[in-house]
Amino acid sequence: MINLAAAPGEHSAWDRPKLVVYLWAVVELVLVTNPWQISSAVRTRALRLFGAEIGNGVIFRPRTRVKFPWKLHIGDRSWIGEGVWFHNQDHIIVGSDVVISQETLLTTGSHAHRRDMALVTRSIVIEPGVWITSRCMILGGANIGRSSLVRPMTVVGGAIPPNSVVGGPNGEILGTRFGDAS
């Protein structure tokens, strides 16, 4: 058993002063997570103000959550669906023309569960043209290849080859998305 009172805290992932982290929490609540249909451009500006790298033409739907915007990188013309949660204690890199659909969770953090429950993080890379459908879970260390499709309720934790269709709790490759591997 691990004594959780002695476990290292999560603050190791902050890499910003407390004031910045707390100020972001307020801005996120008012402008990003807010369920009202306020402008996607307002969400994008707020994220950029706190260090997110977001390309042109990106759409952010309501109820999106971003743990640390300074660790979020999104290419041009990507769509972020309602209720997507970037629990990014490490960097999340999203290519251009990517769709991340409703209620998907992307989490870069876990814990050293056999040692002391210290935070362990690994980045996530989503290459251009990927479609992650609704309610998926993308784990730290995932690298989803160009033009792949992740079916609803899929868990992805490793490398997915380009142009793959993946599904299920183990992110199994079910086929190819485009016949010409584009």
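This structure is a prediction, so every number in the text was calculated from the model and none was measured.
Across every non-hydrogen atom of Thr154 and Gly167, the tightest pair is OG1-CA, 3.1 Å. In this structure, Ile132 and Cys136 approach most closely via the heavy-atom pair CG2-CB, 3.7 Å. Here the closest non-hydrogen pair linking Val58 and Ile74 is CG2-CG2, 4.0 Å. Smallest separation of non-hydrogen atoms from Leu119 and Gln89: CD1-OE1, 3.5 Å. Scanning all heavy atoms of the two residues, the minimum distance from Asn3 to Ala5 falls at OD1-N, 2.9 Å. Heavy atoms only, all atoms of each residue included: Asn34 and Pro62 are closest at O-CB, 3.6 Å.
At least one donor-acceptor pair under 3.5 Å links the side chain of Ser78 to the backbone N or O of Val98. Within the 3.5 Å criterion, the main-chain N or O of Gly140 finds a donor-acceptor partner in the side chain of Arg122. Remark: the backbone N or O of Leu174 is not paired with any side-chain donor or acceptor of Ser164 at under 3.5 angstrom. Put simply, the side chain of Asp76 gets close to the backbone of Asn56: a donor and an acceptor are under 3.5 Å apart.
The shortest side-chain heavy-atom distance between Asn88 and Val66 falls under the 4.5 Å cut-off. A heavy-atom distance below 4.5 Å is found between the side chains of Leu106 and Ile126.
Annotation: Arg151, atom CZ; neighbour count of heavy atoms from other residues, nucleotides and ligands within 6.0 Å does not exceed 12. Other residues, nucleotides and ligands contribute more than 12 heavy atoms inside 6.0 Å of the CE atom of Met117.
In this structure, CD on Gln102 lies 10.0 Å from OG1 on Thr64, to the nearest 0.5 angstrom. Note: Leu72 CG to Ile92 CD1 = 6.5 Å, rounded to the nearest 0.5 Å.
Scored by the side chain to side chain donor-acceptor pair (under 3.5 Å) test, His73 finds Glu53, His91 as partners (sequence neighbours excluded). When the side chain to side chain donor-acceptor pair (under 3.5 Å) test is applied to Arg61, the partners found at least two apart in sequence or on another chain are Gln37. Thr107 is linked by a side-chain contact (heavy atoms from CB on, under 4.5 Å) to His87, Leu105, Leu139, counting only residues two or more places apart in sequence or in another chain. For Asp90, the side-chain contact (heavy atoms from CB on, under 4.5 Å) partners two or more places apart in sequence, or in a different chain, are Thr108, Thr121, Ser123.
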Under the criterion side-chain contact (heavy atoms from CB on, under 4.5 Å), I'd like the reasoning laid out for Leu47 against Phe60: C-alpha separation, chi angles, the key distance, then a yes or no.
CA-CA 10 Å; Leu47 286 158; Phe60 264 89; 3.5 Å; yes

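For residues 126-141, the pairs satisfying side chain to side chain donor-acceptor pair (under 3.5 Å) are Ser101-Trp131, with sequence neighbours left out. For residues 95-118, the set of pairs meeting the salt bridge (Lys or Arg N to Asp or Glu O under 4.0 Å) definition, not counting sequence neighbours, comprises Arg63-Glu103, Arg77-Asp97.
Partner Trp14 forms a ring-ring contact (aromatic ring centres under 6.0 Å, His included) with one of Tyr22, Trp24, Trp70 and no other, that one being Tyr22.
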